[in-house]
Amino acid sequence: MSSFTARFATPDEIESWDEHVTANPNGGNLLQSAAFAAVKQNFGWDVRYLVLESGGTSSYNLVLEKSFPVLGRLWYLIKGPDVASVQDVPPALEAIKEFAASERLRVFAIKIEPDIVDSEEARAVLAGAGLVKSFNLQPNDSTALLDISPEPNQLLRNLHSRGRNAVRRAEREGVRVEVAEPTLENYRTMHALMTGTLTTKSRNGAQVRSFEYYRQFWTEFTSRGQGRLYFVYENGRPSVGAFVINYGRKGTYKDGGSLQKRTQYGDSHLVQWTAIQDVKALGCTEYDFCGTPPAAQLKDSSHPFHGLGLFKTSFSKTVTDFVGVWDYVIDSTRYRAWNTAGERVARQLYTRRTGQQFY
C-alpha cells in the first residue's frame, strides 16, 4: 500500500491541466477535464484542483465543492481519485483528509467515484476503510467498453455480429454521416433529438439537462478540439445525433438522440462506427459507450436503460461495472445530518431555485 501527500495544483499546473490529467494512472477521465470544470463552475459548484503525490508520481484530480451553512463543505472527487489500484484509495483519502484539515477547509465528507472495476475484493477494501456506499451519479458507472486499438478491418470483425451487420448494411444502403458544425442551431437540433419532446426526460428514461447546460458543455469541448457533433440526415433533416468526446486515450459517446420514426436501417450504428474511427485516428485506444444497465440487469426489460444496453452491447459484447460512488466520512456528526435531511433539502432548494440538477 502506497503513502500519499495532497496539495492544491499550482497556477502553471492548472494552465496545462489536461496534459496532467491524461497522464494519470488510469489515463484520466473527461469529467476531470478543464472543459468540464468550466461547465460545473457555472452550475452550482466551486472547483478545486487537487494533486496526489506518491513515490515520485502524481495524480491530478478535479474536486467539485459545495458549501452549506453549519455543515461545512462537501467534496466530490468526480471519477477520482485516479490511483493505480483500489488498495491505494484509502491512503489517498487519508492524505486528502489531512490536507483539508491543515487548510481548515471544514470538509465533512468526500464523495469518490474511482474508475475501479467492481468486485467483492474492491468493495471489501473500501468498506474496510470505513467508506459508505452511496447512490451512483454518472451514467457510465456501468458501461460498454470497446478496445479500438486493432486496425479497422479487424476492429469491425471484433464487433458483435448485430453491430457489424448493421454497420455494413447502412454503408451498402448509402446512409450518410456528417460532422456538424458547432453552431447554436445545430446544438438546438441535437437537444431536440435527445428529448424528443419539450420535457426533461428522454424517450429511454434518461435524465436530460437543460439546453443551456448542454450548450456550454458542447462548446467547452469543441472549442478545445475534444468534441464532435455527428448527424445522420433523412429527408433533408437530422434524424440521428451523437456528441462524442476524445480525451486522452479514451473516446466517449457522451450524448445521443434520434427521431422515433426512421427508415434508414443501421443509421445509429454507422454514426458510432464513424465516431470510433475518428477518435481512433486521434490516438484513442478505448471507446466508452457511456451508460448501460449493470451487467446483472442487462436482460431486464423493465430497466430504463434496457434499450440503450441492447444497442451498445451490439458493439461490445460485455458490460463493465465500476465501484460507483462511495462516501468517505470525515465528520460523522455533520455527515449524519447531511444524510438524514441535509442532502434532500439542499437538492430540492437548488433545483427549485435554478431548475438544474444538483449533481
Side-chain angles (χ1 to χ4, degrees), residues 2-43 45-65 73 75-100 102-103 105 107 110-116 137-138 140 145 149 216-227 244-252 254 279 282-288 290 322-323 328:
S2 304
S3 61
F4 289 84
T5 59
R7 62 175 175 83
F8 287 135
T10 66
D12 285 345
E13 288 172 321
I14 296 172
E15 183 67 23
S16 54
W17 183 250
D18 288 336
E19 294 177 25
H20 292 298
V21 171
T22 53
N24 278 350
N26 291 309
N29 189 288
L30 71 91
L31 299 183
Q32 299 167 323
S33 67
F36 191 68
V39 174
K40 300 309 279 188
Q41 282 179 311
N42 286 334
F43 288 89
W45 293 92
D46 294 320
V47 171
R48 304 274 193 173
Y49 299 91
L50 189 72
V51 184
L52 293 167
E53 295 176 314
S54 176
T57 62
S58 300
S59 172
Y60 291 76
N61 296 266
L62 186 66
V63 179
L64 303 180
E65 175 186 287
R73 292 182 170 101
W75 275 13
Y76 175 19
L77 263 72
I78 189 164
K79 289 298 175 182
D82 192 331
V83 289
S85 71
V86 69
Q87 285 79 14
D88 288 333
V89 172
L93 289 173
E94 185 63 28
I96 297 171
K97 175 183 175 180
E98 291 175 2
F99 172 68
S102 70
E103 295 289 313
L105 298 175
V107 177
I110 302 171
K111 284 189 173 295
I112 69 164
E113 192 179 47
D115 271 345
I116 291 172
L137 294 172
Q138 301 304 327
N140 62 342
L145 299 172
S149 60
Q216 185 177 352
F217 185 98
W218 297 331
T219 299
E220 292 291 347
F221 280 96
T222 55
S223 67
R224 291 170 169 82
Q226 296 171 337
V244 176
I245 291 171
N246 55 283
Y247 190 73
R249 60 175 182 254
K250 181 182 284 187
T252 301
K254 176 61 178 61
V279 298
L282 292 170
C284 295
T285 58
E286 185 177 56
Y287 193 80
D288 184 352
C290 201
F322 293 102
V323 293
Y328 182 69

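By convention here, the first residue in the shown sequence is residue 1.
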Legend entry - Contact check, side chains of Val83 and Val89, non-hydrogen atoms, under 4.5 Å: yes
Legend entry - Separation between CG of Leu30 and SG of Cys290, rounded to the nearest 0.5 Å: 7.0 Å
Inset, instruction - Hey, can you tell me if Phe217 and Phe36 have their rings parallel, tilted or perpendicular (30° and 60° cut-offs)? - result: perpendicular
Legend entry - Non-hydrogen atoms of Tyr49 and Ala37 that approach each other most closely: OH-CB, 3.7 Å
Inset, instruction - Kindly give the heavy-atom pair with the smallest separation between Gly251 and Val279, and that separation in Å. - result: CA-CG2, 4.3 Å
Inset, instruction - Drop me the distance from Asn24's CG to Asn29's CG, to the nearest 0.5 angstrom. - result: 10.0 Å
Legend entry - Validation row: Phe43, Gln216 side chains within 4.5 angstrom (heavy atoms): yes
Inset, instruction - Decide yes or no for Asp88 and Ser85: does some side-chain heavy atom of the first lie under 4.5 Å from some side-chain heavy atom of the second? - result: yes
Inset, instruction - For residues Glu65 and Arg73, report the shortest heavy-atom separation together with the two atoms involved. - result: OE2-NE, 3.0 Å
Legend entry - Any donor-acceptor N or O pair under 3.5 Å, side chains Tyr328, Glu94: yes
Legend entry - Euclidean distance, Ile78 CD1 relative to Lys111 NZ, rounded to 0.5 Å: 12.0 Å
Legend entry - Closest non-hydrogen atom pair, Phe4 against Ala92: CD1-N, 3.6 Å
Legend entry - Phe322 versus Pro114, closest heavy-atom pair with distance: CB-O, 4.5 Å
Inset, instruction - Test Arg48 against every option in Leu64, Leu77, Leu105 by the side-chain contact (heavy atoms from CB on, under 4.5 Å) rule and name the one that passes. - result: Leu105
Legend entry - Close side-chain approach of Val86 to Val323, heavy-atom, < 4.5 Å: no
Legend entry - Value rounded to 0.5 Å, distance of CD1 in Ile96 from CD1 in Ile112: 8.5 Å
Inset, instruction - Taking the side chain as every heavy atom from C-beta outward, state whether Ser59 and Pro81 have any atom pair closer than 4.5 Å. - result: no
Inset, instruction - Give a yes or no on this: more than 12 heavy atoms of other residues, nucleotides or ligands lie within 6.0 Å of atom CD of Glu53. - result: yes
Legend entry - Tyr287 side chain near Thr252 side chain, heavy-atom distance below 4.5 Å: no
Legend entry - Separation of Tyr76 OH from Leu62 CG (nearest 0.5 Å): 10.0 Å
Inset, instruction - Report yes or no: does Trp17 contribute a side-chain atom to a donor-acceptor pair with the main-chain N or O of Ala35 at less than 3.5 Å? - result: no
Legend entry - Side-chain heavy atoms of Tyr247 within contact of Val21, under 4.5 Å: yes
Inset, instruction - Supply the atom-to-atom distance Leu31 CG to Leu137 CG, rounded to the nearest 0.5 angstrom. - result: 11.0 Å
Inset, instruction - Grab the two heavy atoms, one from Ser54 and one from Thr57, that are nearest each other, plus how far apart they are. - result: O-OG1, 2.7 Å
Legend entry - Side-chain donor-acceptor contact under 3.5 Å, Asn26 with Asp82: yes
Inset, instruction - Would you mind reporting whether Asp18 and Gln226 have side-chain heavy atoms less than 4.5 Å apart? - result: yes
